[in-house]
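Throughout, protein chains are lettered first and strands after them, A, B, ... in sequence-line order, and every chain is numbered starting at 1.
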2 protein chains.
Amino acid sequence: MNDPEVRQLWYFVAVAEELHFGRAAARLGMAQPPLSRAIRDLERQLGVALLERTTRQVRLTAAGEVLLRDARAALEAVTAAARRAREAGRVSPRLRVALKADVDGGLLPQILDAYCADGAALPPELVLGRFGEQPQALREGRADVGLVLCPFDDRGLDREPLLTEPLLVALAAADPLAARTELCLADLAGRKLPGGSAASDGRPTGPRRPGAGWPASNLSEIFSLVETGSVVFFAPASVARRYRRPALAYRPVTDLPDSTLALAWPEDTSSPAVAAFVRAACTVAATRVESVMPS
Amino acid sequence: MNDPEVRQLWYFVAVAEELHFGRAAARLGMAQPPLSRAIRDLERQLGVALLERTTRQVRLTAAGEVLLRDARAALEAVTAAARRAREAGRVSPRLRVALKADVDGGLLPQILDAYCADGAALPPELVLGRFGEQPQALREGRADVGLVLCPFDDRGLDREPLLTEPLLVALAAADPLAARTELCLADLAGRKLPGGSAASDGRPTGPRRPGAGWPASNLSEIFSLVETGSVVFFAPASVARRYRRPALAYRPVTDLPDSTLALAWPEDTSSPAVAAFVRAACTVAATRVESVMPS
DNA sequence: GTCATTCATACCCCCAGGGTACCAATCGCG
DNA sequence: CGCGATTGGTACCCTGGGGGTATGAATGAC
C-alpha cells in the first residue's frame with residue numbers, strides 16, 4: 001500500500017530499459033545483488049510481478065510495461081519539482097525560454113522586446129537545445145516556457161499556437177529536382193534525411209522527433225550536408241529565410257502539411273513571468289500575421 | 001543535485017499545509033525533531049530556503065510555494081504509477097470507469113453495451129465518486145477513464161466531449177419563480193446552492209468543483225433539499241430527467257452556458273481497453289445526437 | 001558433460017532516519 | 001520585567017535497511 005520510493009523507481013526503470021540486472025546495476029553504479037533485492041522488494045510492495053526472469057533473459061510483464069511508462073513520468077515530475085524549486089529560490093530568478101536555435105519563426109527578437117516591456121517580466125534566459133528536446137526540458141523543469149514545432153509530445157504541457165507557415169524542402173541547387181518550381185513527396189522518395197532514414201518513411205511532417213539521433217546538432221551543419229547533395233531537409237519558411245545560400249534551393253512541397261510554431265509551458269504554471277511571455281508572444285504573432293496578410 | 005525522495009516530499013507537503021512542524025509531525029505519525037531535520041536536509045539538497053521559521057510562525061518562501069505545487073503533482077504521479085501497476089498486475093484486469101452516479105447523460109448503459117461488444121474490452125468496473133472527484137481519481141490511478149462535466153481540471157488528462165445539453169435550474173415547485181417558464185441568473189440572486197454559497201457567486205457553471213464540501217453525497221439528498229425550497233440546484237437536462245418529482249420544477253436559465261459531458265483519461269494511456277471505451281462512447285454519443293436532432 | 005552467463009541467496013557492515021532529552025527564542029501576561 | 005508556555009532547533013543514541021562481497025543455482029552453448 002505504501003508509495004514506492006524514488007530510488008526504487010530509478011532502479012526499476014534502469015532494469016526495465018536494460019533488461020539485464022548486471023548492466024542496470026553498472027549503470028546505477030552499484031552491485032547487482034542489492035539491485036535484485038530492491039526490485040524484489042518493489043514487486044512485494046506492489047504485490048505484482050514486474051519482470052519475468054530466467055537466468056538467461058529478463059522480460060517485462062504487462063504490469064511492468066505500465067509501471068515503466070508511469071515511473072518515467074513520475075520521475076520526471078520529481079526532478080521537475082526539484083529543479084523548479086531551485087530556480088525559484090535563486091536570488092535573481094529568470095524566465096528560461098527553451099528553443100532550438102533559429103526555430104523561432106523570426107519572432108523571437110520582437111517577442112523578447114514586447115515581453116521585457118511587461119511589468120511582470122523576469123530577465124529572460126535562452127535555453128538552447130536540440131530539436132524536439134524542448135518539451136522534455138519543460139517537463140523536467142529545465143525551462144519555464146518553450147518554442148516548439150507542432151506536432152510535439154505535449155503531455156503535461158499547455159500550448160498556444162503562434163505561427164503557421166509552409167514547410168519547404170531544402171535541396172542542393174545542383175539537384176535535378178531544383179529545376180522544378182514545386183515538388184510532391186513522391187518526388188523525394190529515396191532521398192535521405194539528415195536523421196538517416198528515407199524521405200518518404202511515413203513521417204514526413206518536417207524535422208523528426210527526438211530519439212532518432214541527429215548527426216549534426218546545429219542547422220548550419222545540416223545545410224552543409226544538403227549543399228553537398230547527400231541529404232534533403234524539410235524546413236519551415238522562416239528557417240529557410242535564414243539560410244539562403246547559393247548552393248541551396250528551397251522548393252514548396254505540395255502535399256506536405258504546414259508547420260506550426262507554438263508556445264508551450266507546463267500545465268500547472270502559475271508564474272506571472274510565463275503569463276507575460278505568452279501574452280507578448282501572442283501579441284507579436286498576431287501583429288505579424290496581420291502584416292503578412294492584411295485582411 | 002540529487003532528486004528528493006518521496007518521503008521528503010510528503011514531509012514537506014505536510015509541513016507546508018500545516019505551517020506548523022508539530023502538527024505536521026503528528027499528521028505524519030512521527031516526532032517533530034526528525035521532521036525538522038528532514039526539511040532542513042531537503043533545503044540543503046535543493047540549495048533553497050523553503051520555509052521561513054520563527055519560533056512562533058512558519059511561512060512558505062516563494063520557492064516553497066513552487067515546490068508545494070510541484071511536489072503535490074509529483075506525489076500524485078508516484079501514487080498513480082503504483083496504483084496502475086497494481087491494477088495491471090491483477091489476474092483479471094478491469095477497466096475502471098470513474099463517474100458521479102447519474103451524471104452520465106443517460107448514455108452509460110449504451111456505452112457499456114457498445115464497449116463490451118468490442119474485442120479489446122476488459123470487464124468494466126464503475127468507480128463512483130463525489131462530483132468533481134473524477135479527474136483526481138484518474139490522476140491518482142484509481143480509475144482508467146472517467147465521465148466528467150466540463151469545465152474540469154484537466155491537468156495530465158486527455159478528453160473527448162460527448163454530449164452538450166442545457167443546464168436547468170431545479171426549484172421547489174412551490175417557489176414563486178417556478179411560475180415563470182424561463183429564468184435568468186439575476187432572478188436567482190440570493191438563492192442558496194447546496195454547497196452553501198449564493199447562486200450568483202460568479203461560478204454559475206453548474207455544480208461546483210471539489211473542495212467546497214457538499215452536504216449531500218448523492219443527488220437524491222440534494223433534490224430533497226431543493227424540494228423543501230431551502231436551496232436551488234443547477235443540473236444538466238439528462239440529470240433532471242431522472243429526478244422528476246411532483247414537488248420539483250426545472251426551468252431553463254437563459255444566460256447559463258450549456259453543460260458538456262466529456263470523457264477523460266490519463267494523457268499517457270496506451271490501454272486498448274480505454275481506447276475501446278472511448279470509441280464506444282463517441283459512437284453512442286454521435287448516434288444519440290443524430291437521433292435527437294436529425295440533420 | 002562442461003563451462004560461461006546471469007540472477008538469487010546469505011551474510012556482514014555502516015549510516016541514515018527515527019526517537020528522546022534538552023536548549024533557545026519569542027510571545028503573552030500579571 | 002520576569003516567568004511560563006509554545007515551538008522550533010540541537011545533541012545524542014539506536015535500530016533497520018540499503019549496499020557490499022562471496023557464493024549458489026539454473027540455463028544455454030558447444
### Message
For the backbone of A/L122 and the side chain of A/Y115, can you confirm whether one donor and one acceptor N or O come within less than 3.5 Å of each other?
### Response
yes
Separation of C/dA8 atom C1' from A/H20 atom NE2, nearest Å, is 14 Å
Quiz prompt | Donor-acceptor pair between B/T61 and B/E65 side chains, under 3.5 angstrom | solution = no
Comparing B/L19 with A/A31, nearest DNA chain D nucleotide closer to 5' gives the residue B/L19
Of the listed C/dG19, C/dC7, C/dA10, the closest approach to the A/V58 side chain comes from C/dC7
Taking D/dT10, C/dC7, D/dG8 as options, the one with an atom nearest any side-chain atom of B/R40 is D/dT10
Discussion item. At 4.0 Å (heavy atoms only), tell me whether B/Q32 reaches a base, stays on the sugar-phosphate, or touches nothing.
Written reply: base
From CG of A/L28 across to C1' of D/dG19 the rounded distance in Å is 13 Å
- prompt: What about B/R37, does its side chain sit under 3.5 Å from the base of C/dG18 through a donor-acceptor pair?
  reply: yes
Report task. Mark yes or no for whether B/R96, through its side chain, and B/V145, through its backbone, hold a donor-acceptor pair below 3.5 Å. Result -> no
In whole angstroms, the gap separating P of C/dG17 from CH2 of B/W10 amounts to 18 Å
note: A/R59, atom CZ; C/dT6, atom P; distance rounded to Å ~ 17 Å
**Prompt:** Can a salt bridge be assigned to the pair A/E17 and A/R69 using a cut-off of 4.0 Å between side-chain N and carboxylate O?
**Reply:** no
To the nearest angstrom, the CZ-P distance between A/R44 and D/dG17 comes to 13 Å
Rounded to whole Å, the CD1-P distance (A/I39 to C/dA8) equals 9 Å
From CD of B/E5 across to P of C/dG17 the rounded distance in Å is 8 Å
Rounded to whole Å, OH of A/Y11 lies from C1' of C/dC7 at a distance of 17 Å
Output for pair (A/Q8 CD, B/E5 CD), nearest 0.5 Å, gives 8.5 Å
When rounded to the nearest 0.5 Å, the distance separating CG of B/L157 from CZ of A/R155 is 13.5 Å
Under a 3.5 Å cutoff, is there a donor and acceptor pairing between the side chains of B/Q57 and B/E52?
no
Picking from D/dG18, C/dA8, D/dG8, the nucleotide nearest the side-chain atoms of B/S36 would be D/dG8
Any A/R7 side-chain N or O less than 4.0 Å from OP1/OP2 of D/dG19
yes
Numerically ordered, the residues 48-56 of chain B set in heavy-atom contact under 4.0 Å with DNA chain C is B/T55, B/R56
